[in-house]
There are 2 protein chains.
Amino acid sequence: MTTHQQFSREAVLTAAEELVRTRGPQALTMRRLAAELGAAVTAIYWHVGNREALLDELVQRTVREMGQIRARGATPAARAESVALALRRKLRERPHLIALVHERGLTELMMLPAQRALVHEAHAAGLRGEAAAQAVRAVQFQVVGFVLVERNRERAPRQQPGEPDLWDVETAEQDPALAAALARTPDPERLFAASIRALVGSLWGAEAGG
Amino acid sequence: MTTHQQFSREAVLTAAEELVRTRGPQALTMRRLAAELGAAVTAIYWHVGNREALLDELVQRTVREMGQIRARGATPAARAESVALALRRKLRERPHLIALVHERGLTELMMLPAQRALVHEAHAAGLRGEAAAQAVRAVQFQVVGFVLVERNRERAPRQQPGEPDLWDVETAEQDPALAAALARTPDPERLFAASIRALVGSLWGAEAGG
DNA sequence: ACCTGAACACCGTTCAAGT
DNA sequence: ACCTGAACACCGTTCAAGT
């Protein structure tokens with residue numbers, strides 16, 4: 001046989017990223033990728049080594065693309081809050097890739113711009129040393145953790161027993177409004193905003209303004 | 001051939017749980033499980049259907065085993081805090097199984113005992129209706145999210161650029177203590193306690209006592 | 001330098017066959 | 001009712017061979 005399809009390492013990475021972004025890492029099989037590129041499976045190995053190295057490269061790219069975070073608002077607390085909100089939005093744009101970054105232990109590096117912004121606002125609020133570090137990390141963990149929980153909830157659309165069934169007036173401290181609220185699927189947008197406001201408000205030592 | 005090894009459905013589940021608990025779900029292959037039981041692969045299919053159904057069963061068991069959560073402390077805020085701490089401990093005892101529960105959308109059901117305890121304390125603190133529901137959910141998300149982040153950090157032992165390299169005095173607002181604190185690997189125990197205290201303290205509208 | 005097919009050691013699953 | 005081996009359609013990866 002003669003040499004058939006010619007394609008760059010770049011083409012491999014692009015096709016792989018497309019697969020991972022739209023259908024998740026489990027959809028990235030070397031054979032499927034080869035088919036997509038119209039080449040033999042083994043050609044991919046020449047370009048990128050193996051599957052693990054390929055995923056590593058995608059992860060590197062994601063870290064680079066995460067870019068800058070700009071704080072907005074009047075008070076340090078409000079500005080810290082805005083960083084958290086922006087961070088969540090960015091993370092949610094590429095959930096599969098973020099999960100990979102996370103598994104490969106590059107979360108810290110990826111979070112650096114946001115972390116710097118939070119450090120700045122913590123300092124502006126008068127926090128110093130260990131206390132500032134803990135406040136910054138608490139917000140970081142909160143955002144990443146929330147996004148992970150949120151994603152998993154979306155992936156598992158209907159809770160198997162159905163949340164509505166679990167709460168009635170009797171189990172909810174005789175509080176009908178509470179029972180109704182717990183029976184509803186939570187609005188992650190509002191829940192996140194409220195949680196972050198509570199956390200930042202407490203750690204930054206002030207009310208976080210809108 | 002004559003019938004060789006006889007073994008119960010129970011034996012399959014026990015062996016499978018052992019594999020998942022100690023080495024994670026990816027270590028659970030039908031062939032490995034069969035080898036462990038000294039039987040043919042296909043015998044397992046007779047007992048449990050297929051791999052997916054087997055994992056479902058393990059998940060069900062985990063949910064059942066999560067049991068009760070007892071609140072401890074004097075004030076409602078302190079008691080809510082204790083629920084969060086106990087919940088984190090329980091979740092961390094079986095991380096792989098918890099991840100499976102989560103993927104299968106049974107987190108809500110599993111969290112029910114803890115949720116009831118939190119609802120009780122929220123009510124005791126005077127929170128009602130929607131506000132109480134949001135406070136309870138914020139704590140839930142916080143705990144689960146934290147455990148997920150924490151686990152992933154442990155799985156990826158050394159951050160690839162090394163956190164120490166990322167922070168020096170100049171990048172840390174000229175605050176040497178802050179730079180040192182951010183360069184250290186965070187102590188999850190303290191970070192969790194501080195975050196939960198901040199969140200609960202803010203949402204429950206009072207300081208959370210020890 | 002870049003691509004090929006054959007081959008190996010793994011998967012989960014189905015099925016007809018045994019007792 | 002309970003277990004067997006053969007077979008199928010998938011994996012990731014290695015390797016000698018082509019041009």
Side-chain angles (χ1 to χ4, degrees), chain A residues 1-61 96-97 99-101 103-104 155-156, chain B residues 1-61 96-97 99-101 103-104 155-156:
Chain A
M1 283 289 178
T2 152
T3 284
H4 274 308
Q5 293 287 346
Q6 197 107 353
F7 57 99
S8 63
R9 172 185 163 84
E10 195 55 30
V12 176
L13 291 170
T14 306
E17 176 161 356
E18 172 69 12
L19 268 174
V20 173
R21 282 188 88 136
T22 58
R23 296 160 61 193
Q26 89 290 344
L28 176 68
T29 77
M30 302 303 263
R31 287 174 153 89
R32 184 139 39 188
L33 190 53
E36 213 115 313
L37 292 162
V41 203
T42 46
I44 296 174
Y45 283 83
W46 192 90
H47 282 293
V48 295
N50 57 24
R51 186 172 185 272
E52 209 58 17
L54 174 52
L55 287 173
D56 278 341
E57 188 58 40
L58 294 186
V59 161
Q60 300 265 25
R61 291 186 159 207
H96 296 303
L97 287 167
L100 287 176
V101 168
E103 279 168 22
R104 272 135 218 271
R155 242 183 302 168
Chain B
M1 281 290 178
T2 151
T3 285
H4 275 307
Q5 292 285 349
Q6 198 108 351
F7 56 100
S8 63
R9 173 187 163 85
E10 194 57 29
V12 176
L13 292 171
T14 305
E17 176 161 359
E18 172 70 12
L19 269 175
V20 172
R21 282 189 89 136
T22 58
R23 298 159 62 192
Q26 88 291 343
L28 176 68
T29 76
M30 302 304 264
R31 286 175 154 89
R32 185 138 41 189
L33 190 54
E36 212 115 315
L37 292 163
V41 204
T42 46
I44 296 173
Y45 282 83
W46 192 89
H47 281 295
V48 295
N50 58 22
R51 186 170 183 274
E52 209 59 16
L54 174 53
L55 287 174
D56 278 341
E57 187 58 40
L58 295 186
V59 160
Q60 300 266 24
R61 289 185 159 209
H96 296 302
L97 286 167
L100 288 177
V101 169
E103 280 168 21
R104 273 138 219 271
R155 241 183 303 170

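Not measured: the values here are computed from a predicted model. Each chain gets a letter, A, B and so on, in the order the sequences are listed, and its residues count up from 1.
When side chains are defined from C-beta on, B:Glu17 counts as touching B:Leu97, because their heavy atoms get closer than 4.5 Å. Within the 4.5 Å cutoff, side-chain heavy atoms of B:Arg104 are placed close to those of B:Asp56. The side-chain heavy atoms of B:Asn50 and B:Ile44, taken from C-beta on, include no pair separated by under 4.5 Å.
For A:Thr42 and C:dG5, a side-chain-to-base donor-acceptor distance below 3.5 Å is present, hydrogens and geometry of angles not being considered.
Comparing A:Gly49 and A:Arg32 along DNA chain D, the residue whose closest nucleotide (by nearest heavy atom) sits nearer the 5' end is A:Arg32. Between B:Tyr45 and A:Val41, it is A:Val41 whose nearest contact on DNA chain C lies nearer the 5' terminus.
Rounded to whole Å, the distance from CG on A:Leu55 to P on D:dG12 is 10 Å. The CZ-P distance, from B:Phe7 to D:dC2, rounds to 11 Å in whole Å. Taking atom CZ of B:Arg31 as the reference point, atom P of D:dC8 lies 14 Å away to the nearest angstrom. As rounded to whole Å, 17 Å separates atom P of D:dC15 from atom CH2 of A:Trp46. Atom pair A:Asn50:CG and D:dC15:P shows a separation of 13 Å (rounding to whole Å applied). Rounded to an integer number of Å, the gap from CE of B:Met30 to C1' of D:dA9 is 17 Å. Nucleotide C:dC3 holds its P atom 13 Å from the CZ atom of A:Arg9, rounded to whole Å.
Look at C:dC15: its Watson-Crick or wobble partner, with both distances under 3.5 angstrom, is D:dG5.
Using a cut-off of 4.0 Å between Lys/Arg side-chain N and Asp/Glu carboxylate O, A:Glu10 and A:Arg61 are scored as salt-bridged. Using a 4.0 Å cut-off between a side-chain N of Lys or Arg and a carboxylate O of Asp or Glu, B:Arg23 and B:Glu18 do not qualify as a salt bridge.
No engagement by A:Leu37 is indicated, since no non-hydrogen atom pair under 4.0 Å with the nucleic acid exists. Counting non-hydrogen atoms under 4.0 angstrom, B:Ala43 reaches a base of the nucleic acid. Among the protein residues, B:Ile44 comes within range of no part of the nucleic acid, since none of its heavy atoms lies under 4.0 Å from any strand.
With distances taken from any side-chain atom of A:Arg51 to the nucleotides D:dG12, D:dC3, D:dG5, the minimum falls on D:dG12.
In this model, the phosphate group of C:dA1 is not approached by any side-chain N or O of A:His47 to a distance below 4.0 Å at OP1 or OP2.
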